[in-house]
Amino acid sequence: MNEHSTHQKIALVTGANKGIGAAVAEQLAALGMTVLIGARNQQRGEEAAARVRAAGGDARAVTLDVTDPATIRETAKLVDDLLGHLDVLVNNAAITGSGQVSPENAVDQTPSTVDLDMVRSVFETNVFGVIAVTNAMLPLLRRSPAPRIVNLSSGVASLTIAGDPNGPLAGLPASAAYAPSKTALNALTVQYANELRKDGILVNVADPGYVDTDINNHQGYLTPAQAAAVVVRLATLGADGPTGGFSNEDGPLPW
């Protein structure tokens, strides 16, 4: 462990070369953290890291595909060798399975006709990828005096909201891939929180809201910077902060 790692907070954000992930990285860097920009494409990661540095922050790109165990191992080794610990892990990387389409047009996820390979690929990134990255980074997080894990979910993950025939999501087509993957992520978050509570590792899930990003064909009304606020708040909780919770910027959400 070098001198830098002894005093500097380190954050890793997956899928951080654009959208919400990039905004989270920028805001954590603005708070003085060294931010690792996780991206599948090295060049795009480098460009995102350069933007953070141009704004006065400390950032470096790491090639990280959450479905590729080799890149996960390499990232963990890099953090261990160069920085010695990790304080914040933000599991942001996710796919819809439908590509860049508006949510109302994601009819290829209709449960009765969905392609099972799509469901598998969505869960591979949105659920299994989170497990793989989290478990690889836990030894590094355990070296932090105040480790925090934030998983990015969605309002569609709420069974209470999604199950309301008169609720705000009633007009959307039924989903057998993206929405269930985020519901599973919520459940996974609770289980990690239960296991790690005794170790002082706070694990929470954030709903960033309906954000203008590629994932919804830029139909969202929030900016990535606005969406990042709840993620940054959960990533910087004090020792008495909650764990195992699901919230947006307005407060707790129903499961």
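All values below were derived from every heavy atom in this structure, side-chain atoms included, with hydrogens, water molecules and symmetry-related copies excluded.
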- Could you walk me through whether Asn204 and Tyr192 pass side chain to side chain donor-acceptor pair (under 3.5 Å), step by step? CA-CA 9 Å; Asn204 289 285; Tyr192 270 114; over 6 Å; no
- Test salt bridge (Lys or Arg N to Asp or Glu O under 4.0 Å) on Arg53 and Asp58 and set out the steps. CA-CA 6 Å; Arg53 292 194 296 269; Asp58 185 12; over 6 Å; no
- Given side chain to side chain contact (heavy atoms under 4.5 Å, CB included), test Ile149 with Ile201 step by step and report yes or no. CA-CA 7 Å; Ile149 300 173; Ile201 303 177; 4.0 Å; yes
- Message: Would you say CZ of Arg40 has more than 12 non-hydrogen atoms from neighbouring residues, nucleotides or ligands within 6.0 angstrom?
- Response: no
For the residue pair [X] and [Y], establish whether any side-chain heavy-atom pair is separated by less than 4.5 Å.
X: Val90; Y: Leu152; value: yes
X: Val205; Y: Val150; value: no
X: Thr75; Y: Leu36; value: no
X: Leu89; Y: Leu141; value: yes
X: Leu202; Y: Pro242; value: no
X: Leu234; Y: Leu237; value: yes
X: Ser153; Y: Phe246; value: yes
X: Ile10; Y: Val88; value: no

In terms of hydrophobic clusters joined by side-chain contacts under 4.5 Å, are [X] and [Y] together?
X: Val114; Y: Val107; answer: no
X: Val231; Y: Leu31; answer: yes
X: Leu185; Y: Leu138; answer: yes
X: Leu159; Y: Val190; answer: no
X: Met118; Y: Val66; answer: yes

Hey, is the main chain of [Y] close enough, under 3.5 Å, to the side chain of [X] for a donor-acceptor pair?
X: Thr183; Y: Ala179; result: yes
X: Asn92; Y: Gly15; result: yes
X: Asp81; Y: Gly84; result: no
X: Gln109; Y: Thr96; result: yes
X: Thr125; Y: Val122; result: no
X: Ser102; Y: Glu104; result: no
X: Ser158; Y: Pro254; result: yes

- Task: For side chain to side chain contact (heavy atoms under 4.5 Å, CB included), just list the numbers for Arg142 and Leu196, CA-CA rounded to whole Å, side-chain angles, deciding distance to a tenth of an Å, and then say yes or no.
- Result: CA-CA 10 Å; Arg142 292 183 187 279; Leu196 301 174; 3.6 Å; yes
- Query: If you measure only the distance, is there a donor-acceptor pair under 3.5 Å linking the side chains of Glu195 and Gln191?
  - Reply: no
- Please check if any side-chain donor atom of Thr71 sits under 3.5 Å from a side-chain acceptor atom of Asp65, or the reverse. no
- Query: Are the charged groups of Arg148 and Asp87 less than 4.0 angstrom apart, N to O?
  - Reply: no
- Can we say Arg143 and Asp80 salt-bridge, meaning some charged N sits less than 4.0 Å from an Asp/Glu carboxylate O? yes
- With respect to Asn91, which candidate in Asn126, Thr134, Thr14 satisfies the side-chain hydrogen bond (donor to acceptor under 3.5 Å, both in side chains) definition? Thr134
- Of all the heavy-atom pairs spanning Thr243 and Ala193, show the shortest one and how long it is. OG1-CB, 3.5 Å
- Task: Carefully, step by step, assess Ser154 and Asp207 under the rule side chain to side chain donor-acceptor pair (under 3.5 Å).
- Result: CA-CA 5 Å; Ser154 167; Asp207 167 23; 4.9 Å; no
- Query: Can you list the steps and then say if Gln42 with Glu46 is a side chain to side chain donor-acceptor pair (under 3.5 Å)?
  - Reply: CA-CA 6 Å; Gln42 180 68 19; Glu46 294 287 0; 2.7 Å; yes
- To the nearest 0.5 Å, tell me how far His85 NE2 sits from Met137 CE. 13.5 Å
- side chain to side chain contact (heavy atoms under 4.5 Å, CB included) between Glu249 and Gln226, intermediate numbers included: CA-CA 9 Å; Glu249 189 54 21; Gln226 289 173 317; over 6 Å; no
